[in-house]
A.B. asks: 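Quick one: this structure, given as structure tokens, is what I'll be asking you about.
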Amino acid sequence: MPDLPRELHGRIAFLAAPTEVAESARAHFVALHGDAPPEEAAVVVALGGDGFMLETQHRFLGRNLPVYGMNCGSVGFLMNAFQPEDLPARLAVAQSATLHPLRMRAVDATGTLREALAINEVSLLRETRQAAKIRILVDGKERLPELICDGILVATPAGSTAYNLSAYGPIVPLGANLLPMTPISAFRPRRWRGALLPADAVVLFQILEPGKRPVAAVADNVEVRDIRSVEVREDRSLRMTMLFDPDHGLSERIIAEQFTV
């Protein structure tokens, strides 16, 4: 449960995605509850879809400012149902989910190190018609000498229901302390379906034949092209807090998603 002040009028920052629906909702809430600058707010209410929730979390990484999302978009897996009434009451009983991002350290063809954070996943993707060839090391030990594929990703538990699920990776419950590693259209080894790694694992991807088979690395919305190697690990020094209605928490959604047919 987040430690929110009892009186929230003027302590909520309302942020909206650049859509008519979200902007209209923001105007409604600001008229009712005031609008605090994000730097002074006790809580942020994000109005939009899952993409906007990720943008908002990236914006406040390092501050661990609680974010309560309301779905004004399409899927809204990370959002609560839109309801204009009783917002202070909903915030007062909201349940919190604490997440940690992945830190990507990518070295490109020039030897330049590029770092980025991912809330959903870090993915490696082939850039041309040629399949990628990737060596995989975990905690310094070679686990797969050569994976021939369209790509591969490492996801957070929250991100395990996103691109990872589309690539037939496993859904990971919050609190499981596991990170799914999932290949994308693997050709060799053909039957390899990926791995579940401990949350403190350090993964190193090394690109084989990078000149012939160029690969890009993507951490959420940050792309680094023509990479030579990528290190991925969970950054436990950074925390994100998402708020959910009691009957629709993120842990419950992740479990329910595994029974969706």
Side-chain angles (χ1 to χ4, degrees), residues 51 54 100-173 176-235 254 257-258 260:
L54 292 178
H100 302 282
L102 299 175
R103 181 172 293 277
M104 176 184 80
R105 293 167 52 88
V107 178
D108 66 16
T110 68
T112 301
L113 174 64
R114 298 275 303 278
E115 293 195 41
L117 295 168
I119 297 169
N120 265 359
E121 74 280 316
V122 173
S123 53
L124 278 65
L125 305 166
R126 66 185 176 101
E127 296 180 10
T128 68
R129 68 185 187 283
Q130 295 278 6
K133 288 188 176 182
I134 302 171
R135 177 183 294 122
I136 302 173
L137 297 89
V138 179
D139 294 330
K141 183 174 183 178
E142 183 180 88
R143 292 296 183 179
L144 203 57
E146 183 180 270
L147 172 67
I148 305 176
C149 57
D150 280 356
I152 189 169
L153 62 85
V154 178
T156 65
S160 69
T161 59
Y163 191 8
N164 173 73
L165 180 60
S166 298
Y168 303 101
I171 296 175
V172 177
N177 290 318
L178 294 171
L179 302 175
M181 175 194 292
T182 302
I184 303 167
S185 300
F187 179 67
R188 292 284 190 275
R190 183 162 293 181
R191 298 188 182 278
W192 188 64
R193 302 301 300 172
L196 284 171
L197 304 176
D200 61 354
V202 179
V203 180
L204 179 63
F205 299 109
Q206 296 176 336
I207 310 306
L208 308 177
E209 303 179 29
K212 179 181 179 182
R213 305 170 185 272
V215 173
V218 182
D220 282 354
N221 59 346
V222 177
E223 181 181 37
V224 182
R225 297 183 68 83
D226 299 327
I227 58 169
R228 294 299 184 263
S229 66
V230 177
E231 180 190 276
V232 181
R233 68 172 75 198
E234 189 178 68
D235 191 335
I254 289 175
E257 188 70 26
Q258 298 176 77
T260 300

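For the single chain, residues carry numbers from 1 onward in sequence order.
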A.B. asks: Roughly how far, to the nearest 0.5 Å, is CG of Asn177 from CG of Leu196?
C.D. replies: 12.5 Å

A.B. asks: Between Asn164 and Pro180 (side chain of the first, backbone of the second, donor and acceptor by atom type, cut-off under 3.5 Å), is there such a pair?
C.D. replies: no

A.B. asks: Give a yes or no on whether the backbone of Lys212 and the side-chain of Gln130 come within a donor-acceptor separation of less than 3.5 Å.
C.D. replies: no

A.B. asks: Mark yes or no for whether Thr182, through its side chain, and Gly194, through its backbone, hold a donor-acceptor pair below 3.5 Å.
C.D. replies: no

A.B. asks: Is there side-chain contact between Arg191 and Arg193, with heavy atoms separated by less than 4.5 Å?
C.D. replies: no

A.B. asks: When you measure from the side chain of Asp235 to the backbone of Arg103, do you find a donor-acceptor pair of N or O atoms at a distance under 3.5 Å?
C.D. replies: no

A.B. asks: Find the distance between CE (Met181) and CD1 (Ile136) and round it off to the nearest 0.5 Å.
C.D. replies: 5.0 Å

A.B. asks: Go through it in stages, so that I can follow the logic: the residues are Leu54 and Asn120, the test is side-chain contact (heavy atoms from CB on, under 4.5 Å), and I'd like the CA-CA distance, side-chain angles, deciding distance and then a yes or no.
C.D. replies: CA-CA 8 Å; Leu54 292 178; Asn120 265 359; 3.4 Å; yes

A.B. asks: Among Leu102, Ile119, Leu117, find the residue that satisfies the side-chain contact (heavy atoms from CB on, under 4.5 Å) test when tested with Asp220.
C.D. replies: Ile119

A.B. asks: How far apart are the C-alpha atoms of Val224 and Met104, what are their side-chain angles, what is the distance that settles it, and do they pass the side-chain contact (heavy atoms from CB on, under 4.5 Å) test?
C.D. replies: CA-CA 10 Å; Val224 182; Met104 176 184 80; 4.0 Å; yes

A.B. asks: Do Leu179 and Glu234 come close enough that some side-chain heavy atom pair is under 4.5 Å?
C.D. replies: yes

A.B. asks: Do Ile134 and Leu124 come close enough that some side-chain heavy atom pair is under 4.5 Å?
C.D. replies: yes

A.B. asks: Say whether, by atom type as modelled, one donor and one acceptor occur between the side chain of Asp139 and the main chain of Val202 under 3.5 angstrom.
C.D. replies: yes

A.B. asks: Is a donor on one side and an acceptor on the other found under 3.5 Å between the side chain of Thr156 and the backbone of Pro101?
C.D. replies: no

A.B. asks: Measuring from atom SG of Cys149 to atom CZ of Arg213, what distance do you get when rounded to the nearest 0.5 angstrom?
C.D. replies: 10.5 Å

A.B. asks: Check whether any side-chain N or O of Arg105 sits under 3.5 Å from a backbone N or O of Glu231 as a donor-acceptor pair, and report yes or no.
C.D. replies: no

A.B. asks: When you compare the side chain of Ile184 with that of Tyr163, does any pair of heavy atoms fall below 4.5 Å?
C.D. replies: yes

A.B. asks: Taking the side chain as every heavy atom from C-beta outward, state whether Arg233 and Val203 have any atom pair closer than 4.5 Å.
C.D. replies: no

A.B. asks: Can you check side-chain contact (heavy atoms from CB on, under 4.5 Å) on Leu178 and Leu197, steps first, answer last?
C.D. replies: CA-CA 5 Å; Leu178 294 171; Leu197 304 176; over 6 Å; no

A.B. asks: Under a 4.5 Å cut-off applied to non-hydrogen side-chain atoms, are Ser160 and Leu165 in contact?
C.D. replies: no

A.B. asks: Does a side-chain heavy-atom distance below 4.5 Å link Pro210 with Asp226?
C.D. replies: no

A.B. asks: Under a 4.0 Å threshold between the charged nitrogen and the carboxylate oxygen, would Glu146 count as salt-bridged to Arg188?
C.D. replies: no

A.B. asks: Going from OG1 on Thr112 to CZ on Arg228, what distance comes out if it is rounded to the nearest 0.5 angstrom?
C.D. replies: 11.5 Å

A.B. asks: Given Ser229 and Leu204, is the side-chain contact (heavy atoms from CB on, under 4.5 Å) satisfied, shown in steps?
C.D. replies: CA-CA 7 Å; Ser229 66; Leu204 179 63; 4.3 Å; yes

A.B. asks: Hey, are the side chains of Phe205 and Ile227 touching, using non-hydrogen atoms and a 4.5 Å cut-off?
C.D. replies: no

